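Shown next, in structure tokens, is the structure this report addresses.
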Amino acid sequence: MELDRGPAPAASTEPVLEVVDLVTEIRSVRGPIRPVNRVSLRVGRGQAVGLVGESGSGKSMTAFSIMRLFPTPAARVVEGRVLLQGRDLTELPESELRRVRGNHVGMVFQDPSAYLNPVITVGAQIAEQLLAHNWPGDVEQRIAELLTQVGLRPEVAKRYPHELSGGMRQRVSIASAIACDPPLVLADEPTTALDVTVQAQILELLAQLQRKQGMGLLLITHDFGIVAELCDYVYIMYAGEVIEEGPVDDVFEQPRHPYTQGLLQGVLSVTRRDRVRVTVPGSVPDLANPPSGCRFHPRCPRAMPQCRTAPPPRVTAGNGRTACWLYESDQGIGQQRPGGSHDRTNDGSAAS
Ligand code: SF4
């Protein structure tokens with residue numbers, strides 16, 4: 001499957017979202033757990049960025065932390081900043097944050113049924129969204145426009161969610177997410193609950209909307225194949241931390257961190273467009289008691305003595321960054337550069 005993403009918008013390095021050293025803590029009977037530990041990432045205007053990791057890696061909790069929509073009241077952001085077009089969301093009271101959600105950030109979740117009210121028509125739910133954020137134009141006309149944009153007939157507005165297929169419900173939730181023309185959309189596993197053919201249609205829709213409207217997209221997924229289809233830049237998470245980042249083509253061509261290499265093993269010799277589920281031998285650690293040093297060391301085939309005692313720093317490697325002692329101790333490897341067209345990391349700093 002190759003997506004028709006439409007013409008690319010003019011390139012822009014202007015950030016829509018900047019997450020800086022974000023730490024989220026959950027209070028538990030076993031002590032505090034940090035599912036998000038010093039995570040930094042950036043999404044530029046008109047850029048599609050992937051956040052990839054196994055289940056339990058902290059990627060969805062990162063999305064919840066950005067919008068402070070925690071699945072548990074025991075979770076809270078304890079450090080770091082979330083800058084949306086320069087405004088720090090961590091400092092906003094809940095009442096203001098509610099205005100940001102939907103208006104400035106659209107959200108698409110794995111299971112649209114969980115977020116659509118079963119006793120309210122689709123049109124009324126999109127209207128609620130528009131009215132809550134003071135849409136200045138004609139609401140009925142906007143609903144028809146949105147439904148058409150996501151490939152549905154305007155008459156679908158009169159139907160209830162249970163009258164629609166899973167794919168149609170996800171299209172409705174995408175229409176709702178983009179209703180107020182937000183500069184950023186967060187999509188958390190948007191196709192996982194759908195069958196394969198519908199998955200492809202929804203991905204194509206997201207890709208086209210993202211390109212045509214020039215919005216930033218942060219796509220959270222455990223599927224590297226989806227990132228390859230949609231994204232320009234990728235962050236890879238392990239045990240609550242970003243362990244590698246870079247332009248998608250570079251990471252596919254030359255993954256540096258042993259975890260990323262494990263994720264991509266086998267697919268590089270085939271094609272990057274193959275669907276790849278995250279599979280590395282072993283399992284993610286218990287975050288109430290994470291491994292010392294590099295959190296990946298119990299599963300790492302290249303672990304060295306220092307990996308067990310000291311956390312590796314994040315260093316520039318090629319056109320991205322990685323957190324692995326192999327690159328700190330061997331600058332020759334760390335500074336290898338693939339033949340890609342990018343010469344800067346995603347925050348605009350010079351690579352290597
Ligand atoms: Fe493996 Fe050590 Fe690198 Fe961690 S720091 S990924 S254990 S080589």
Side-chain angles (χ1 to χ4, degrees), residues 19 21-24 33-41 50-59 61-62 220-224 227-228 233-269 272 276-338 345-347 349 351-352:
V19 174
D21 284 334
L22 192 69
V23 179
T24 299
I33 296 171
R34 291 190 163 189
V36 178
N37 193 32
R38 305 224 161 275
V39 166
S40 296
L41 57 85
L51 184 59
V52 183
E54 289 166 288
S55 177
S57 62
K59 58 191 190 303
M61 191 55 102
T62 301
I220 292 144
T221 179
H222 60 271
D223 189 329
F224 240 121
V227 169
Y233 201 88
V234 63
Y235 295 85
I236 295 129
M237 279 192 83
Y238 182 78
E241 298 175 344
V242 172
I243 51 88
E244 179 154 17
E245 62 168 271
V248 168
D249 287 343
D250 292 1
V251 171
F252 267 83
E253 280 162 27
Q254 192 175 359
R256 287 181 164 80
H257 195 283
Y259 178 62
T260 317
Q261 290 169 355
L263 298 184
L264 290 173
Q265 212 166 33
V267 77
L268 294 174
S269 58
R272 81 184 189 106
V276 195
R277 298 225 164 219
V278 170
T279 48
V280 173
S283 53
V284 290
D286 175 5
L287 290 182
N289 185 22
S292 58
C294 170
R295 291 182 170 192
F296 186 58
H297 86 251
R299 297 170 76 183
C300 182
R302 302 184 67 184
M304 305 169 282
Q306 74 199 85
C307 304
R308 296 181 179 84
T309 53
R314 296 179 78 215
V315 295
T316 299
N319 297 316
R321 293 193 183 96
T322 192
C324 173
W325 283 117
L326 289 171
Y327 299 94
E328 179 68 5
S329 60
D330 185 346
Q331 285 301 307
I333 297 174
Q335 290 183 7
Q336 269 182 7
R337 300 188 60 170
T345 56
N346 207 32
D347 61 6
S349 61
S352 76

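Nothing fancy with the numbering, it's 1 onward along the sequence. As the structure lists them, so they are numbered: ligands from 1, and atoms in each ligand from 1. Remember, it's a predicted structure, so these values are computed and weren't measured experimentally.
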Quick one: pull up [atom1] in [X] and [atom2] in [Y] and give me the separation to the nearest 0.5 Å.
X      : Y      : atom1 : atom2 : value
Thr260 : Glu244 : OG1   : CD    : 3.5 Å
Leu264 : Glu253 : CG    : CD    : 11.5 Å
Cys294 : Tyr259 : SG    : OH    : 12.0 Å

Tell me: protein heavy atom nearest [atom], and distance?
atom                    : answer
atom 5 (S) of ligand 1  : Trp325 N, 3.2 Å
atom 2 (Fe) of ligand 1 : Cys307 SG, 2.2 Å
atom 4 (Fe) of ligand 1 : Cys294 SG, 2.4 Å

What part of Cys324, side chain, backbone, both or neither, has a heavy atom within less than 4.0 angstrom of ligand 1? both
If I compare all heavy atoms of Tyr238 with all of Arg295, which pair ends up nearest, and what's the gap? CE2-O, 3.4 Å
Heavy atoms only: which of Glu244, His257, Arg295 is nearest to atom 6 (S) of ligand 1? His257
Atom 3 (Fe) of ligand 1 contact by Cys300, N, O or S atom under 2.8 Å: no
On the 0 to 90° scale, with breaks at 30° and 60°, tag the Phe296-His257 ring pair as parallel, tilted or perpendicular. tilted
